[in-house]
Amino acid sequence: MQGRYNPQEIEPRWQQWWQAQEIYFAPDPTAAEMADPSSGPRKFYTMSMFPYPSGDLHMGHMRNYTIGDVLVRYHKMRGERVLSPMGWDAFGLPAENAAIKDGIHPAIRTPQNVAEMKRQFEKMGAMFDWRREVNSSTPDYYKWTQWLFLKLYERGLAYKRKAPVNWCPKDETVLANEQVVNGHCERCGTQVIKRDLSQWFFKITAYADRLLNDLDKLPDWPERVATMQRNWIGRSEGAEVDFPIVGSDAQVRVFTTRPDTLWGATFMVLAPEHPLVDAITSSGQREAVQAYKQEASKQTEIERMSTVKEKTGVPTGGYAINPVNGQQIPIWIADYVLMGYGTGAIMAVPAHDQRDYEFANKFSLPIIEVVSSPEAKLEIEAWAGEGKMVNSGPLNGIPAGKGEGQSVKAAIKWLEEQGTGRGTVIFRLRDWLISRQRYWGAPIPIIYCDACGMQPVPEADLPVLLPLDVAFKPGGESPLARDPNFVNTTCPQCGGAARRETDTMDTFVDSSWYFLRYTDAKNDGTPFRRDYADYWMAVDQYIGGIEHAILHLMYARFFTKALHDMGMVSIEEPFQRLFTQGMVYKDGAKMSKSKGNVVPIDNFVDTLGADAGRLYVLFMGPPADDVEWSDQGAQGASRFLYRLWATLEQGVDLKARPSSEGATNLDNDSKALLRVAHRAIAKVSDNIERYHYNTIVSTCMEMLNSMVEYKGKHGITPAFSEAATILLLLLAPVTPHITEEIWHQLGGEGSIHVRPWPAANPEFIAAPELTIVVQVNGKVRDRITVPAEADEDTVKAAALSNAKVQPYLNSNPPTSVVYVAGKLVNIVIK
RNA sequence: GCGCUAGUGGCGGAAUUGGUAUACGCGUAUGCCUUAGGAGCAUAUGCCCGUAAGGGAUUGGGGGUUCAAGUCCCUCCUAGCGCACCA
């Protein structure tokens, strides 16, 4: 190539040219294409999770987005209609906390950060359709977030309720269950406390079964993400049973997965927060119960959930009647029973549940065996193994278990006949709490009128604008509540004075539908056109971090299903394939600004160039794995590009195709070079499909090594030219700038990025000679070269007469000879 | 405690899914070029024995299946992730 490889000169030039050529833009489908997608090119919708605009990008980000960009460019070269949009998850706590810290309003800071990040995306050569850019914090977007809230409200999927909720004292807001990790705020790590507040929820539990079952329709999701979602949804089959309370009309309902052990229930335990506790408690126990409740409420989630903790509890003095045998059993309260799961009350079967067993032992409560257990077993611990039902009235003799014909099914049948209980299914999943007492989010579009009650904001009045001139510091209530201009409004029903809801929505609401907005990003009449969404959806490939395995990915699935049920979109699952990429570490820690171990994209690109960065982040390791950053490794990637530049000289003919003209007049070295090139096509294509991006790079490196060696012997020949053309095309998705530059310098027409992806010629992949490994008892002793068409007997004979093999055969005739076609001969001797 | 996933040279990693282990790169060594180089080029380079030719062992440990195991099975160890008093 002419001059020295100079990425700083080449890269911005091509980036501008690509923008001007609009090669990144995905056109809207035509009516004919929407009616019959096969009438147009195949669509390919791929996206990376949109980032929070923090401002600075480092090489960890570069890795994430390069993974997607390679895929985008590859599919584009395959002639598909690629949609690759990008946007900004701009609402939320990080932006607001940063604003509080340095006193710049998030509405001012956010666009600055967006501009800065966009510049860096372009600088790394990422191929996005910026015409479809979305920003969740701008009114043209959150208008539709609010609109969708109202649609959910109409269908009863958004509701307000007073409930004990997770409250982060530092961020001064409530959190969703999903945002509490081990009793701590997912964002800031502060211990979460419980508060009783009136809050807005989305009824995600109505979709629990579908969210669970449809995971089976997602075979191209990582199994561990599906598993995490299954665990989170936590489906549990069992029965609910009502226990009448002695001396009262009230009943306590319990959930159990083992209704067959009801005859062994010797006491009941309620969660301290259970609403019936006060009614059940006898006057003699009132003081002790109150004290225990106080103590429990002070405990953190962590202390409460600890498995190692010794059981505690107090009797209420009240009694319940076991409905299966009429026996009176004492009712206790204890913190090992959680109000948030099941009914907040359990029947205790100490003989067959280890927790109940420990509790019974500590407080000297009776233990009754109802599943036959090994002798003396119950003197040590509860028996949860197999056995026959005993002491259990109608169930006696039935094998214990959940299977067909076993005790659990029999017990449910019996309970339903008696009318004392019924089979049921419960979930661990709770409704999604979406209210936030924070400023930087989409206002919830609800109005409270003293006369007419709660009223949704009429569609015509959307968006409910987030006022920009309020003091946005949190203070235990939403900052919006302090702005009378915002709060005071008129009732859409009666026109009288009314107040606005002042909470804002969780930012996960914003991100639950943005992938739909991309299909029709600038529409101001509806959130998106159904026909556009139906054409592009589902997202063929979604790429993001494992940290969103539960939160975002489940919320987005819920939204998609809800919108499907409203007739707004046809698909029921938003993301066909999911890829979770690994993180980049440096000096042993995840690369992040707060740890001070980042390699900023700007610094890197300014020294070694975007192509070197892209090449290296892919080469570091498999995209799904975490990798450790190495400055020296990056140097190696850069070195490869200089070598590429020096090897492809003027005189290479991009139109030379000796492989398509037949092999007859080619010398062996040229055939060998073309074999390397065509094998590389097959390998790289396969690698891209299977996310083995690191071996794309090594395959190209090997190919260049072969080319350098060949050129040293033969110079630039038609075979070399063909190999050079193939290498440029294979590298184009990975290193788009240098390949475009060389392509043009060698006289290529148009952009290399819209050239067709090369096809491997099978005739040139096959080798004329094969290397056959010769083993004796599985150990390699030699390698022999045979013509490709040699038959089994010929190869075996050659192996047996091999000089290295002979010494082993002298006294030992082979007992068998195994031949693996084209690969090896294994001679088995005694 | 339960459930995944992984463990290959000095380092990052490869291995067409049971068939040549250590590709490719980094690092290191030697030489060349250079006023200089933390730049570039060439050659070598997993380990042990050997000057060499050559030989031997080897994919966390142990056992097994097979003509053949990094790959499959059992078991143990280590690390990471997820779940965890869920009735």
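Below, chains carry the letters A, B, ... as their sequence lines are ordered, and counting in each starts from 1.
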Practice task
Please round to the nearest 0.5 Å and tell me the distance separating atom CG of N687(A) and atom SG of C700(A).
Solution key: 9.0 Å

Handout entry: Between C1' of C67(B) and OH of Y808(A), the distance in whole Å
Key = 17 Å

Practice task
Determine, stepwise, if the pair Y616(A) / W629(A) fulfils ring-ring contact (aromatic ring centres under 6.0 Å, His included).
Solution key: CA-CA 10 Å; Y616(A) 179 56; W629(A) 178 264; 5.2 Å; yes

Problem - Integer angstrom distance from the C1' of U71(B) to that of U59(B) - result: 10 Å

Exercise for the section: For C86(B) versus C77(B), give the span between their C1' atoms, rounded off to a whole number of Å. Expected result: 31 Å

Problem - N694(A) side chain near A14(B) phosphate (N/O to OP1/OP2, under 4.0 Å) - result: yes

Fill in the blank from the handout: By nearest-heavy-atom nucleotide on RNA chain B, the more 5' of A345(A) and K804(A) is K804(A)

Handout entry: R557(A) side chain to H552(A) backbone, donor-acceptor under 3.5 Å
Key = no

Handout entry: Watson-Crick or G-U wobble partner of U17(B), both distances under 3.5 Å
Key = none

Practice task
Write down the partner of C72(B) under the Watson-Crick or G-U wobble criteria, each distance required to be under 3.5 Å.
Solution key: G64(B)

Atom pairs, protein N/O to nucleotides 80-83 of chain B N/O, distance under 3.5 Å:
residue : atom : partner : partner atom : Å
C81(B)  : O2'  : R224(A) : NH1          : 3.3

Practice task
Describe the nucleic acid contact of D356(A) in one word from base, sugar-phosphate, nothing, applying a heavy-atom distance below 4.0 Å.
Solution key: nothing

Practice task
Identify, with sequence neighbours excluded, every residue that meets side-chain hydrogen bond (donor to acceptor under 3.5 Å, both in side chains) alongside D260(A).
Solution key: R258(A), S407(A)

Completion exercise
D353(A) meets the side-chain hydrogen bond (donor to acceptor under 3.5 Å, both in side chains) criterion, sequence neighbours left out, with R355(A)

Exercise for the section: Examine distances only and state if a side-chain atom of R428(A) and a backbone atom of Y341(A) form a donor-acceptor pair shorter than 3.5 Å. Expected result: no

Practice task
With a 3.5 angstrom cut-off on both distances, give the Watson-Crick or G-U wobble partner of G31(B), or none if there isn't one.
Solution key: C41(B)

Practice task
Compute whether any side-chain donor of one residue and acceptor of the other, for R675(A) and N761(A), lie under 3.5 angstrom apart.
Solution key: no

Handout entry: Base-pairing mate for U59(B) - Watson-Crick or G-U, with both contacts under 3.5 Å
Key = none

Problem - Residue list, ring-ring contact (aromatic ring centres under 6.0 Å, His included) with Y555(A), at least two apart or on another chain - result: W432(A), F508(A)

Practice task
Check every strand shown and say whether G234(A) touches a base, only sugar-phosphate, or nothing at a heavy-atom separation below 4.0 Å.
Solution key: nothing

Fill in the blank from the handout: Between CG of N705(A) and P of C26(B) the distance, given in whole Å, is 10 Å

Practice task
Would you mind reading off the distance between Q229(A) atom CD and C4(B) atom C1', rounded to a whole angstrom?
Solution key: 16 Å

Practice task
Using the C1' atom as the reference point in each nucleotide, state the distance between A15(B) and G54(B) in Å, no decimals.
Solution key: 27 Å

Problem - Rounded C1' spacing from C26(B) to U17(B) in Å - result: 28 Å

Practice task
Would you check if there is a donor-acceptor pair between the side chains of D587(A) and N597(A) at a distance under 3.5 Å?
Solution key: no

Exercise for the section: In whole angstrom, give the distance that lies between atom CG of D686(A) and atom P of A14(B). Expected result: 14 Å

Handout entry: Distance-only polar pair, side chains of Y819(A) and D791(A), donor-acceptor under 3.5 Å
Key = no

Exercise for the section: Considering only atom C1', compute the distance from G18(B) to C73(B) and round it to an integer number of Å. Expected result: 13 Å

Handout entry: Gap between atoms OH and C1', on Y616(A) and G13(B) respectively (whole Å)
Key = 11 Å

Please write out the pairs of protein N or O atoms and N or O atoms of nucleotides 40-44 of chain B separated by less than 3.5 Å, giving the distance to one decimal.
residue : atom : partner : partner atom : Å
G40(B)  : OP1  : R639(A) : NE           : 3.2

Completion exercise
Whole-Å distance, D625(A) CG to A14(B) C1', equals 13 Å

Problem - First of M701(A) and K779(A) reached from the 5' end of RNA chain B, by closest nucleotide - result: M701(A)

Problem - Counterpart residues, side chain to side chain contact (heavy atoms under 4.5 Å, CB included), relative to P330(A) (two or more places apart) - result: F267(A), Y319(A), W332(A), L365(A)

Problem - Euclidean distance for C1', U78(B) against G25(B) (whole angstrom) - result: 28 Å

Fill in the blank from the handout: Judged by whether its glycosidic angle lies within 90° of 0, G9(B) is syn

Write down the protein N/O and nucleotide N/O pairs, taken from nucleotides 6-11 of chain B, whose separation is under 3.5 Å; answer none if there are no such pairs.
none

Problem - Rounded C1' spacing from A69(B) to C32(B) in Å - result: 46 Å

Practice task
Measure from CD on E237(A) to P on C86(B) and round the result to the nearest Å.
Solution key: 18 Å

Problem - Between G64(B) and G27(B) - C1' atom distance, rounded Å - result: 39 Å

Handout entry: Those residues that, when tested against E547(A), pass side-chain hydrogen bond (donor to acceptor under 3.5 Å, both in side chains) (two or more places apart)
Key = none

Fill in the blank from the handout: Relative to its sugar, using the 90° cut-off around 0, the base of U78(B) is anti

Handout entry: Given W221(A), Y693(A), Y691(A), the one that forms ring-ring contact (aromatic ring centres under 6.0 Å, His included) with F579(A)
Key = Y691(A)

Exercise for the section: Flag the pair P7(A) / L608(A) as yes when at least one side-chain heavy-atom distance between them is below 4.5 Å, and no otherwise. Expected result: no

Practice task
Using atom CD1 of I426(A) as one end and atom P of A87(B) as the other, report the distance to the nearest whole Å.
Solution key: 7 Å

Problem - Watson-Crick or G-U wobble partner of C4(B), both distances under 3.5 Å - result: G80(B)

Exercise for the section: Could you tell me whether T256(A) contacts a base, only the sugar-phosphate backbone, or nothing, with contacts defined as non-hydrogen atoms closer than 4.0 Å? Expected result: sugar-phosphate

For nucleotides 15-23 of chain B, give me every protein contact, N/O to N/O, under 3.5 Å, one pair per line with atom names.
residue : atom : partner : partner atom : Å
U20(B)  : O2   : R783(A) : NE           : 2.5
U20(B)  : O2   : R783(A) : NH2          : 2.9
A23(B)  : O2'  : E702(A) : OE1          : 3.0

Practice task
Would you please name every residue forming a side chain to side chain contact (heavy atoms under 4.5 Å, CB included) with L378(A), sequence neighbours left out?
Solution key: A351(A), E369(A), S373(A), W383(A)

N/O donor-acceptor pairs under 3.5 Å from side chains in residues 768-780 of chain A, not counting sequence neighbours:
residue : atom : partner : partner atom : Å
N777(A) : OD1  : I829(A) : N            : 3.0
N777(A) : ND2  : I829(A) : O            : 3.3

Exercise for the section: Please list, chain by chain and in numerical order, all residues satisfying side-chain hydrogen bond (donor to acceptor under 3.5 Å, both in side chains) with D209(A), sequence neighbours excluded. Expected result: R235(A)

Practice task
Using a heavy-atom cut-off of under 4.0 Å over every strand shown, decide if E628(A) touches base, sugar-phosphate, or nothing.
Solution key: nothing

